[in-house]
Structure formats: structure tokens, C-alpha cells
Number of protein chains: 2
Amino acid sequence: MNKVRGRRAGSPDTRAQILEAARDRFLSGGYAGTSMRAIAADAGVDVALLSYHFSSKQGLFAAAMELPVRPGELIEHALDAPVEQWPGRILRTVLRVWDDPEIGPVLAQTVLVSATQERGAGGFVEFLETELLGRIRGRLAGRDADARATGVLMSIAGLLMARYVVKVPSVAAKSSEEIVRIVTPSIAIHLRGARLRDQSA
Amino acid sequence: MNKVRGRRAGSPDTRAQILEAARDRFLSGGYAGTSMRAIAADAGVDVALLSYHFSSKQGLFAAAMELPVRPGELIEHALDAPVEQWPGRILRTVLRVWDDPEIGPVLAQTVLVSATQERGAGGFVEFLETELLGRIRGRLAGRDADARATGVLMSIAGLLMARYVVKVPSVAAKSSEEIVRIVTPSIAIHLRGARLRDQSA
DNA sequence: GACTTTATTCATCACCGTTGAGTCTATTGC
DNA sequence: GCAATAGACTCAACGGTGATGAATAAAGTC
């Protein structure tokens with residue numbers, strides 16, 4: 001802890017140090033389980049500085065959990081193929097991202113915080129509704145597009161929930177290829193016979 | 001607030017009043033969002049009394065959220081039928097329970113708390129693993145029993161997650177019969193051609 | 001009716017997130 | 001190259017949190 005008041009000499013990136021400490025703490029201890037004072041101590045900084053830079057604990061959490069990927073774009077890319085390939089492509093994309101030790105835990109924590117606080121940081125609900133469900137529904141043609149998309153959404157949500165958030169042991173223990181094998185039919189059955197909407201519009 | 005110290009005259013069921021106040025607060029404000037002091041105030045009681053009766057906030061939460069149903073038994077009953085009927089029976093059971101305004105919100109809160117604290121109150125993980133997955137797997141015969149059961153589990157988990165925990169609008173808005181129609185195939189496909197284990201053992 | 005057990009309050013603890021005031025350094029304008 | 005300003009940082013304090021131990025009063029037991 002620097003005992004001297006006022007701005008520090010040199011231009012040390014204190015902000016980055018705080019973010020790093022926050023990340024570690026939030027990932028290992030959860031949101032409620034980590035105190036700003038603990039983060040501040042790790043970063044060698046006064047607590048008040050965290051509020052100064054990020055204005056609140058929520059703000060700090062959001063900043064520390066910022067993702068190196070745009071999930072919406074990944075989904076978009078996975079859907080750039082014939083419907084028949086969607087299940088495999090979606091699943092492999094999702095698993096690759098969530099199994100990444102740099103990303104998966106961050107997403108899992110974000111989901112929890114987002115579900116816990118009614119107006120969640122990051123808005124996981126909005127992601128599911130807009131980025132995932134909306135995109136799938138938007139590409140499908142026909143009366144049953146909504147039902148199909150909803151089915152796909154729930155299949156993916158179940159995988160994520162069981163494997164990464166609640167961490168059911170027998171699901172978390174399986175290899176990603178085994179998961180692909182198991183979940184593929186759940187998704188595929190909703191897309192059977194589906195036709196894509198005309199893209200020329 | 002009773003100002004006089006010591007045991008109260010008569011034998012008022014203060015414990016029950018506390019539980020009622022706790023239930024209301026926890027359901028409307030979430031776990032982190034409700035303070036023991038608020039509950040105590042609602043119940044017209046000193047905070048310390050909550051710790052006395054339930055030893056901790058977690059203990060109070062667990063006591064207040066105790067369920068009027070044994071989910072394990074319901075699952076058991078749903079599975080007492082030919083495999084072909086499982087999807088419909090499981091889904092209708094699950095939806096009936098979770099759509100009940102007295103039960104669903106309690107379960108949703110419990111899931112969240114259970115996922116947030118590593119050793120969760122009530123142990124939702126254990127429920128999924130033992131009561132649900134274990135029971136299904138136990139009744140199925142054949143090499144792929146484990147994969148089948150896991151597939152069923154994830155389908156149900158996805159439904160619960162999307163509809164009741166994260167509350168994705170387009171999923172939560174649908175009628176329960178519509179949900180049944182959408183999710184049934186996801187579950188059925190994992191059970192297609194499955195055979196039950198010999199029960200005579 | 002004395003004694004023990006149970007239910008209750010009060011005072012206090014350490015910790016929490018946030019805020020305002022004060023202090024020092026870096027940057028900008030001349 | 002110096003003065004003014006803006007930015008980064010600490011300190012002290014606030015009200016709120018869950019928990020605990022001591023004091024007190026009623027209920028239960030013999």
C-alpha cells in the first residue's frame with residue numbers, strides 16, 4: 001500500500017492492476033463473495049480509488065468481466081451455412097468459447113450476476129433473446145419459425161446451465177465431443193425440414 | 001416492535017411470523033437484496049432473534065424456502081410409465097410445479113442461491129444429479145443409458161433456465177401447452193428405442 | 001414455589017460499499 | 001519554464017450489514 005497521498009509518480013497503469021485483481025477475485029470468489037477492499041488490497045490501492053475509476057462495485061464487475069469476443073458475431077458466423085449444419089456449428093462454437101478457461105468462467109459469473117440482479121450487468125437475457133433467439137428466428141422461414149428457434153434456444157441453454165453454471169458433475173466431466181454427440185439431435189430435431197428465409201430482401 | 005425484553009406473554013408463534021416475512025422479502029427482493037433487519041422489522045422483532053432461531057441468513061433462507069413438495073417423488077411418479085410416455089409426463093409434471101405461483105418462484109430463487117454460493121442451500125446440483133439424472137439413468141438399460149439420461153436432463157434444464165430463472169421473455173410468455181409441444185421432441189429423441197431395465201432385481 | 005429452559009431485546013463487533021475533502025503529480029497554455 | 005488546471009490518489013467518515021454475547025422475562029418442570 002502506497003502511503004503517500006496524491007497522484008503517483010511515473011504513469012503506472014493502476015487501472016489495469018485493479019482490473020486484474022478484480023478479475024481474479026470475482027472469478028474465484030463470486031460477486032457477493034469478494035469485497036472491494038480485498039480487490040484494493042491486492043492491487044495495492046485504497047478502496048476509494050475503485051469507486052473513483054469505476055463508480056460502483058457493479059461497474060467494476062462489468063469492466064473486469066469484459067469479454068475479448070463478441071458472442072453475437074460468433075453466432076452469426078455459425079449460422080452462415082445450410083440449416084443442416086447448424087447444430088454442429090452452433091454447438092462447436094458454443095463449446096469452444098465456454099470451454100476456454102479465459103472465457104467460460106467469466107461468462108458463467110456474468111450469467112449468475114445478471115440473473116441475480118434484476119437489471120443485470122451485461123444483460124444476459126437480452127443476449128439470449130436478441131442475439132441468439134432473434135438471429136435464429138430471423139433466418140428461418142415459415143409459420144413455425146418461432147417454435148423452432150425457441151427449441152434450439154432451450155437446448156443450448158440447458159447445456160450451458162448444466163455444464164458451466166450449475167456444473168452438474170456428470171455433464172461437466174464429459175468431453176466436448178461427447179457433449180456434441182448428445183446435444184446435436186436435440187437441436188437438429190427442431191430444424192428438421194426447416195427452410196431458410198429468402199436473404200435477397 | 002415490542003420494547004420489553006425477555007420472552008413474550010402468551011405463546012405467539014413468532015417463528016412462523018418471521019418465516020412468512022422472510023419468504024415475502026426473499027421472493028420479491030432476492031437473497032442479497034433483502035436484509036435480515038428488513039425481515040425483522042416486518043415481523044416486528046429484533047434482528048438477533050432471526051440468528052437465534054435460524055442461526056444465519058442462509059439458515060433462514062433455507063427454512064423460509066422449504067418446499068411443500070418432494071420433487072424427487074414427483075419425478076419418480078412421472079417415470080412410472082412406459083418410456084414412450086416419459087416426455088409428456090415429465091414435462092407436464094415439471095411445468096405444473098414450476099408454473100405454480102407458490103412453488104415456482106421459490107424454486108427459481110433457490111436455484112440462484114444454490115448456484116451463487118458454492119455450497120448451496122438445498123443443493124440444487126445434488127438434486128439434478130441424483131434425483132433427476134440418477135433416477136432416469138437407473139431405469140434405462142443399455143450402453144447408452146448415460147448419454148440418454150444426460151440428454152433428457154439438459155433438455156429440462158434448458159426449459160427451466162430459460163423460462164423461470166433467466167426468464168427469457170418469449171419463452172416465459174408461452175402457454176405451458178405450447179412449451180410441452182416444443183420441448184417434447186427434444187426429450188423424446190433421446191429415449192427413442194430405449195428399453196427399460198429389468199425391475200425384478 | 002424454586003429451578004431450568006426457552007424466547008426475546010440490547011449493545012456491540014468487524015466488515016461492507018460509497019462519498020467528500022484533501023493532496024500530490026502530470027498536462028496544458030502561455 | 002512557469003503557472004494554472006485537470007487527473008489520480010489517500011484518508012476519514014457515514015450508514016448499513018450479519019453475527020454474537022450478555023441481560024431479562026416468561027414458560028415449563030418438579
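Just so it is clear, the values below take in all heavy atoms, side chains as well, and ignore hydrogens, waters and symmetry mates. Every chain is numbered from 1 and lettered A, B, ... according to where its sequence line falls, protein lines coming before strand lines.
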Query raised in the report: Quick one: side chain to side chain donor-acceptor pair (under 3.5 Å) partners of B/Q109, sequence neighbours excluded?
Result: none

Extract all donor-acceptor atom pairs below 3.5 Å that involve side chains of residues 33-44 of chain A and protein atoms in other chains or at least two apart in sequence.
{"from": "A/S35", "atom 1": "OG", "to": "A/A38", "atom 2": "N", "distance (Å)": "3.0"}
{"from": "A/D42", "atom 1": "OD1", "to": "A/R25", "atom 2": "NH2", "distance (Å)": "3.2"}
{"from": "A/D42", "atom 1": "OD2", "to": "A/R25", "atom 2": "NE", "distance (Å)": "2.7"}
{"from": "A/D42", "atom 1": "OD2", "to": "A/R25", "atom 2": "NH2", "distance (Å)": "3.4"}

Query raised in the report: Between atom CD1 in B/I39 and atom C1' in D/dG16, what is the gap in whole Å?
Result: 15 Å

Report summary line: Residues at least two apart in sequence or cross-chain that pass side chain to side chain donor-acceptor pair (under 3.5 Å) with B/E102, listed by chain then number, are B/R23

**Report entry** salt bridge (Lys or Arg N to Asp or Glu O under 4.0 Å) involving A/R15 - partner list, sequence neighbours excluded
**Finding:** none

Grab the N/O contacts between the protein and nucleotides 17-19 of chain D below 3.5 Å, and write none if there aren't any.
{"from": "D/dT17", "atom 1": "OP1", "to": "B/S35", "atom 2": "OG", "distance (Å)": "3.4"}
{"from": "D/dG18", "atom 1": "OP1", "to": "B/M36", "atom 2": "N", "distance (Å)": "3.4"}
{"from": "D/dG18", "atom 1": "OP1", "to": "B/K57", "atom 2": "NZ", "distance (Å)": "3.2"}
{"from": "D/dG18", "atom 1": "OP2", "to": "B/M36", "atom 2": "N", "distance (Å)": "2.9"}
{"from": "D/dG18", "atom 1": "N7", "to": "B/R37", "atom 2": "NH1", "distance (Å)": "2.6"}
{"from": "D/dG18", "atom 1": "O6", "to": "B/R37", "atom 2": "NH2", "distance (Å)": "3.3"}
{"from": "D/dA19", "atom 1": "OP2", "to": "B/K57", "atom 2": "N", "distance (Å)": "2.9"}

Query - Residue list, side chain to side chain donor-acceptor pair (under 3.5 Å) with A/S170, at least two apart or on another chain - result: B/E129

Query raised in the report: How long is the line joining CZ of B/R15 and C1' of C/dT8, in whole Å?
Result: 14 Å

Please tabulate, for the side chains in residues 159-166 of chain B, all donor-acceptor contacts under 3.5 angstrom to protein atoms that are two or more places apart in sequence or on a different chain.
{"from": "B/R163", "atom 1": "NH1", "to": "B/V171", "atom 2": "O", "distance (Å)": "3.0"}
{"from": "B/R163", "atom 1": "NH1", "to": "B/K174", "atom 2": "O", "distance (Å)": "3.0"}
{"from": "B/R163", "atom 1": "NH2", "to": "B/D99", "atom 2": "OD1", "distance (Å)": "3.4"}
{"from": "B/R163", "atom 1": "NH2", "to": "B/D99", "atom 2": "OD2", "distance (Å)": "3.4"}
{"from": "B/R163", "atom 1": "NH2", "to": "B/K174", "atom 2": "O", "distance (Å)": "3.3"}
{"from": "B/Y164", "atom 1": "OH", "to": "B/D99", "atom 2": "OD1", "distance (Å)": "3.0"}

Query raised in the report: Are a donor atom and an acceptor atom from the side chains of B/T93 and B/H77 found within less than 3.5 Å of each other?
Result: no

Requested in this report: Provide, to the nearest angstrom, the distance between the CG atom belonging to B/L50 and the C1' atom belonging to D/dT20.
Outcome: 14 Å

Query raised in the report: Applying salt bridge (charged side-chain N to carboxylate O under 4.0 Å, His left out), which residue pairs with at least one partner in residues 51-67 of chain B are found, sequence neighbours left out?
Result: none

N/O contacts under 3.5 Å, protein versus nucleotides 3-7 of chain C?
{"from": "C/dT6", "atom 1": "O2", "to": "B/R7", "atom 2": "NH1", "distance (Å)": "3.1"}
{"from": "C/dA7", "atom 1": "OP2", "to": "B/Y52", "atom 2": "OH", "distance (Å)": "3.4"}
{"from": "C/dA7", "atom 1": "N7", "to": "B/Y52", "atom 2": "OH", "distance (Å)": "3.4"}
{"from": "C/dA7", "atom 1": "N3", "to": "B/R7", "atom 2": "N", "distance (Å)": "3.3"}

Report summary line: Rounded to whole Å, the CG-P distance (B/D46 to D/dA22) equals 17 Å

